[in-house]
There are 2 protein chains.
Amino acid sequence: MSNSSDGRFDEMDIELLRCVESDFDVSLDTLSQQLDLSKSAVHYRLNKLKDAGVIRSVTADLDPLAFGLDMVALTEVSVTHEQGYSDTIGTDLAGVKGVEQVYYTMGDVDFVVVSRVQDRSQMNAVIEEMVAIDGVNETSSRFVMDEVTSGTDVVDNLPDAARSKLVEE
Amino acid sequence: MSNSSDGRFDEMDIELLRCVESDFDVSLDTLSQQLDLSKSAVHYRLNKLKDAGVIRSVTADLDPLAFGLDMVALTEVSVTHEQGYSDTIGTDLAGVKGVEQVYYTMGDVDFVVVSRVQDRSQMNAVIEEMVAIDGVNETSSRFVMDEVTSGTDVVDNLPDAARSKLVEE
DNA sequence: AATGAAATCGACCAGCA
DNA sequence: TGCTGGTCGATTTCATT
């Protein structure tokens, strides 16, 4: 319904998206100056990109450290291989408070879970809750010493080959 | 300078943050109605939270699928254990276009890298670029079949214990 | 820390290339 | 379809409590 890998953009769209992806708190004036486009045109394009689902939402980026969430762990979760379970286990894992992201992978280990909490006791609680999920077999966790979040910014992070595939010539 | 794990919030702050974290595209009217607070007060609190660095930025959430970025991989990277290198290797890995996130962990494997691209050839390019980084020893990649992003939303995702530590009684 | 009034900015409409 | 210009309503700012 919203998927569109073949949705084409022009250079202006890409530039606009790059701007608002890193900071939506700029005024239309600023954008129209940077892009050499009228305010109305910028507004028009933004609305189109929202309607198309390219811009999913506008959100406040909160600093986890401001909440004391400075402990991150990666947990590898293997499950008992009974068909159909995997789908629900994934959402169950994601439903655990403190779990940030769940990757379902091919390989020996079935899930990789990223969780972020304040201290060890909370981390223990998270892991215990994961183990308690029906179908979860074994878990193995590693603490994250440091993380480099290069890019939640999709546009800035596009490989060159990807970028050229998107812009109409 | 901006870190503050002991910065305290009240219930109103938490509620406000929960709202704007999931959607900043709401009007002040809506917020002030939901929170039973005057528009100006909402605005005042938002500014305070921005200045305090709790709200790091306001950004447009783009859908990677709209750019054809539907291939995700987790790559475990082990490095030659020479002191000091690790820091720069992390940022080098994060600098590779297509790499979304880098976790530096304790354990046999030193880094876990999340990358997102359009197709296999781009994935190959990403991995080759990682291998070429000075100090990188070995890599092992797994494709992600599915991902459940439960919470980039920090507030919604707080463990109960974490929440009670933040709100002043 | 919260309020209300004044200046500023963004959203929408009708028309045009 | 993509853009322009102008109007109205909303938001930001500031002086005041």
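A note on names: the letters A, B, ... follow the listed sequences, proteins ahead of strands, and every chain is numbered from 1.
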B:K48 NZ - C:dA1 C1' separation (whole Å): 8 Å

Whole angstrom value for the distance that separates C1' of C:dA2 from CG of B:L28: 14 Å

B:D29 CG - C:dA11 C1' separation (whole Å): 14 Å

Within this structure, what is the CG-to-P distance between A:L35 and D:dG2, rounded to whole angstrom? 16 Å

Find the distance A:K39:NZ to D:dA10:P and express it as a whole number of Å. 18 Å

Hey, is CG on A:D29 packed in by over 12 heavy atoms from elsewhere, all under 6.0 Å? yes

Tell me which nucleotide among C:dT3, D:dT12, D:dG2 gets nearest to the side chain of A:R45. D:dG2

Could you please name the option among D:dT11, D:dC3, C:dA2 that lies closest to any side-chain atom of B:A41? C:dA2

If you check every side-chain atom of A:S38, which of C:dG10, D:dT4, D:dT11 has the closest atom? D:dT4

From OH of A:Y44 across to P of D:dG2 the rounded distance in Å is 4 Å

Measuring from the side chain of B:H43 (C-beta onward, heavy atoms only), which nucleotide among D:dT12, D:dT4, C:dA1 has the closest atom? D:dT12

Under a 4.5 Å side-chain heavy-atom rule over Ile, Leu, Val, Met, Phe, Trp and Tyr, are A:V113 and A:M71 clustered together? yes

Between C1' on D:dG2 and CG on A:L46, what's the gap in Å once rounded to a whole number? 14 Å

Return the value, rounded to whole Å, for the distance between atom CG of B:D13 and atom C1' of C:dA2. 14 Å

Going by side chain to side chain donor-acceptor pair (under 3.5 Å), B:R116 matches just one of B:Q101, B:Q122, B:E100. Which one? B:E100

Between D:dG6, D:dT12, C:dG4, which nucleotide has the shortest distance from any of its atoms to the side chain of B:S40? C:dG4

Evaluate B:T30 against B:S27 for side chain to side chain donor-acceptor pair (under 3.5 Å), listing each step before the verdict. CA-CA 5 Å; B:T30 312; B:S27 64; 2.9 Å; yes

